[in-house]
Structure formats: structure tokens, C-alpha cells
Protein chains: 2
Amino acid sequence: MDFFRIFAHRNHTLLCHLPMLPDSEHQILSCRDCNIRHCAAAVLGVEELDLINNSRHESVFRKGDIIIHEGSPTSYIIYLKSGLVKEYIKGNQEKEQILQIVRKFSYLGLSSLFGDKVNHYSYAALEDITVCYIDISTFHQLIKKNGSFGFEILVSVSRDNLNNFNRFMKQSQKKTYGRVADAILYFSKIIYESNEFDIPFTRQELADLIGISRESATRVLTKFNEDGIVDLHERHIRIDNLPLLQQISKNG
Amino acid sequence: MDFFRIFAHRNHTLLCHLPMLPDSEHQILSCRDCNIRHCAAAVLGVEELDLINNSRHESVFRKGDIIIHEGSPTSYIIYLKSGLVKEYIKGNQEKEQILQIVRKFSYLGLSSLFGDKVNHYSYAALEDITVCYIDISTFHQLIKKNGSFGFEILVSVSRDNLNNFNRFMKQSQKKTYGRVADAILYFSKIIYESNEFDIPFTRQELADLIGISRESATRVLTKFNEDGIVDLHERHIRIDNLPLLQQISKNG
DNA sequence: TCTTTTTTGTGACGGATATCACATCCTGCC
DNA sequence: GGCAGGATGTGATATCCGTCACAAAAAAGA
């Protein structure tokens, strides 16, 4: 399954952070005490964590809110503490292209950060989320000061890019059925790690993720439902025939 | 021109390195004396350069040679001292997908380097080239030891990724005419920085770069030639109507 | 120089899919 | 509750473009 030759993201393992606190309103007092840090932060000392702490502030977004707008200057790095976010671009009035869904415990905009001083992608909340703003100069400073931290960020950026690029490339040589299969498997394997979930997207957004038209997406989903490959009601989906779905994904 | 919102690559400016020596056979004695270093190397001290020097060796490839094969373990970083290289993948026996053309003064395989221990892309020489092998552990060591070097590498990787991803994305929402126009402009603006050049590709490779069939590529090129947009003979091409070509690129 | 292989151009054809059009359904909102 | 706007499903249609087939040209060997 070439499509899912995904590299484990260390920040998505339990080795890297403790489980979420039950109280999501919980405002931590200091980065020192934060137990949902990014895995790269493991190499930071207490003074360095304090440095981040002094330049950060927390914030909350509601479902549908735009967190970063493409073209805006990058003055902050945003760390996603909880919730799902979509990363996307739209070239002037053209159709929207969704790059990926970002899960909690990731930085937003890292890939744009070192290119120039502008955000190249937009980010919107798919559900209510909490984030941490970190001053960009502090971030730069840390990377230059602590080589190991830079190395970890480099690993993170590289994997992210490789995964996205890989997905995109595979996609581009597939037809609609294969693409829709990919999308379902993407949600199942990468995002929710479950056979049954609610798609956090409209049909249009789903189509934008895999680069097909809304109508085609609908048609293929209906077909998958009729054929018993998935059980689909509105946005709720359950995979009933995983092997077949994987084969469709593979064969295009 | 969204397609060409490319970030200047510092290692491609004269500020960053001196012009090539006239004698391309010239074997330098030490990294210290190398005047075609990657721009990131500017932040390295003499001991650090010596560290690289002790683990490196130079080599030459002939046109058509494969430099790195996808799937091979990454034990070296390869620095391209002169010549052009194509970066590509082919999923088993499927059609080849060319990611980009790499110019001299770039590292090969950087983006794969931090993901895992395998090369994800293949590299083949488009002309006779010279390279420098650098031991990967030395490279890792340097990044961790010298934060500024890591930062520069991070910048380099980020820009490269952003450019490729951007190009790829724009492409995916264009039709054949727009794609061929993109390819011509890519060679003209990015690779050769000239209105007139020899395409270092077969028609098939050109098609693989922009994700269309060979026949379509041929047909579009012929059409461009007939319409006086370009002057084309075999692999030699001269752009005669740049504005129109840009418009075709933009409108898809 | 001759042979073999690779590269290139061109026509005909069919299929996949985007687009248009419209009917339902759902959701928030006054 | 009723209305407006968005989201969804479905059919009909047009078209872009990949595939096949073959000839010609160029390149590579021998």
C-alpha cells in the first residue's frame, strides 16, 4: 500500500506526550508544566521552555473559523493543542484545494515559515480547537541556539512534506474511484484510526481534498454504499469491506 | 503569475559562491578552499569544514547515469557541484513522474534525509555532472552541533518543498495547454534563465514532468509552434510570444 | 555503412469526468 | 412555523485527453 507508507509521526505517539486532560478548558500556567508539548520540545531545557512561555499566548477558535489566511505575514507559529484543522489554498476565486487535515499536537505553517515571510496556506478549524501562539523570532532563536531542536523540527517538516507530496503524487495518477477510496482510507487510517467515523467535510470539501468535482464524489460514494463497501449515512461512514477498498485505492 | 512565485534560492546567487572554475576537472584539495560551496556552508567554521572534508569524496557521472535509486538506504548526502539532474519516482513499472530538475549547488535527497533511512526519490544525470559525497552521520552531527547550519538547511529544504508543491498543485488544476506552457516557462525562467535553450528531455520525459501523455505533449508543442508562440526544432526551443505563453499558463 | 533501437509525429477512437440543470433535503434564523 | 440559503443526489450532455496503431526520422551500435 504505497499510499500509506506513512512515517510515524513521533508527536502522535503516546511516548511523546501524555493523554489530553479531561478538562479542555484547562489553561496551563507554563510551558514547563505542559504535558501536551510537541515532541521536538523534548530536547528543550527549562530556560528554553520559559523563553517560549514568555512569548506565547493561548486562544480558542470555533468550528469554521479561519486561523491563518494565505498571504498574511508570518509573525507567529501556531501550535495546535486540540481539534482538527484543514490546510488549504485557493488561488483567486478558483476552486479550493485542500492539502491535508492537521491533527492536534502539530505546528501550523511550519513549512511556510522558513521560505519567506508569508503564509502560503490557509488554515481553518474543522471543529472547536485550542491553539498556542508562539512568537516567530523566539522560535528562530531557539533553532539557532539549540541544534537538536532544529534537527527535530527538520525531521518533522521533512516527514510532513514527504507524506503530503507522496499522497498528492499517488493521487494524481488515479481516477475518481481510486481517489475516493484514498480519501476514505485517509480518514480511517490517519485521522481517526478507526473503521467508523464522521467525515468532518461537506461533499464539496471532500471533492476538494482529492481534486474531483462534487458530483463525482457523490456518485462514487453512492456506488460504494450500494456495493456494500461502506455503510454511509449523511456524513457518517463505516468501512465494511476494507480489502476491496484498499484494492480500489491501489488499482486507481 | 502564481506559478512563478518562486523564492530566490540563495545558493543560486553570486553572493553565495564564486563563479565556476574554468577547469571543471579541477579537484579541490579541501572544503576550506572550495568556492562553490552550498550557501548554508557559509556559517561553518574551518574545523567544521574539515570535518566534512574528512568524510567526503568526489565523483563524476555521465549523462543518463542513475545517481540515487529510490528505495536505497541513505548513507550519503550528495552535493551537486556541476550539471543538471532530474529527480523522479516510478512506482513499480508504472509511468515515471518527474518531480523537478535540480541545478548545481544543491544537495540531492535532502527532503528524504530526515524522514527515514531510505531515499524516496531517484536521481539521474541529464548531462555529465560532478558531485561530492558527504557522510550522513557527519551531516547530522553538524546540524545538531551548529544550530545556524541547521537553520540554513531548514530554509533550503522548506523553500524547495514549497516550490515543488506549489508547482505540482497549480499543475493539477490545469489542462494540457497550460501544463505545456508551464513546462516551457519552467525551463526558461528557473532552469536556463533564457528565452532560448535546448530541452534536456525527450518528449516522453517532458510529458512525465507535467503528467500528460507523450502524444499530447507532442501535439501541443506542434500547435504552439504553428501559432508562432515558440520556435521549435527538435529539442531546441525559443520563446517568441512570452505574454501569450504566460496567459496560457495562467488560464490553464 | 547497414542494422537495430529509440524517438517523434499524426490520425482515429472511446471513455472518464466536468459541467449544467434541477429536485430534495437540511439547517439556521427571524 | 416558515423562509432562505446551502448541501446533496441524479440525469443528460459535451469534451478533453489517453490509448492504440502506424509511419517516419533520428540515434546508437556493430
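Chain A is the first sequence line, chain B the second, and so forth, proteins listed ahead of strands; every chain is numbered from 1. Because only heavy atoms are used, hydrogens play no part in the values below, and waters and symmetry mates are left out as well, while side chains stay in.
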How about [X] and [Y]: does a side-chain donor come under 3.5 Å of a side-chain acceptor?
X        : Y        : result
A:Asn119 : A:Thr74  : no
A:Ser172 : B:Ser172 : no
A:Tyr121 : A:Glu70  : no

[atom1] of [X] versus [atom2] of [N]: gap in Å, rounded?
X        : N      : atom1 : atom2 : result
A:His233 : C:dC25 : NE2   : C1'   : 15 Å
A:Arg219 : D:dA12 : CZ    : P     : 11 Å
A:Tyr177 : C:dA18 : OH    : P     : 12 Å
B:Glu96  : C:dT7  : CD    : P     : 11 Å
A:Gln171 : C:dT17 : CD    : P     : 12 Å
A:Glu215 : D:dA12 : CD    : P     : 15 Å
B:Leu206 : C:dT6  : CG    : P     : 20 Å
A:Phe201 : D:dG6  : CZ    : P     : 20 Å

>> What's A:Arg235 touching, base or sugar-phosphate or nothing? Going by heavy atoms closer than 4.0 Å.
In response: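 Contact class for A:Arg235: sugar-phosphate only.
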>> For a quick check of understanding: with a heavy-atom distance under 4.0 Å over all strands, which category does B:Ser213 fall into, base, sugar-phosphate or nothing?
In response: base
> Among D:dC16, D:dT19, C:dT19, which is the nearest nucleotide to the side chain of B:Lys95?
Replying inline: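 Per side-chain heavy atoms of B:Lys95, the pick is D:dT19.
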>> As a test of reading the structure: which of D:dA26, C:dC26, C:dC20 is closest to the side chain of A:Glu234, going by heavy atoms?
In response: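 Nucleotide nearest to A:Glu234's side chain: C:dC26.
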Give a yes/no on whether any side-chain N or O of [X] is located under 4.0 angstrom from OP1 or OP2 of [N].
X        : N      : answer
B:Arg203 : C:dG9  : yes
A:Thr222 : D:dT10 : yes
B:Thr218 : C:dT10 : no
B:Ser216 : D:dG18 : yes
B:Thr176 : D:dC17 : yes

> Is B:Arg214 side chain donor-acceptor paired with the D:dG18 base, going by distance under 3.5 Å alone?
Replying inline: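 No, no donor-acceptor pair under 3.5 Å.
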> Are the side chain of B:Arg235 and the backbone N or O of B:Arg203 linked by a donor-acceptor pair below 3.5 Å?
Replying inline: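 Between the backbone of B:Arg203 and the side chain of B:Arg235 there is no qualifying donor-acceptor contact (under 3.5 Å).
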>> Using only atom types and a distance under 3.5 Å, with no angle test, would you say the side chain of A:Ser188 pairs donor to acceptor with the backbone of A:Ser194?
In response: yes
> Start at the 5' end of DNA chain D and walk down; is the nucleotide closest to A:Lys175 or to A:Gln204 reached first?
Replying inline: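 The 5'-side residue here is A:Gln204.
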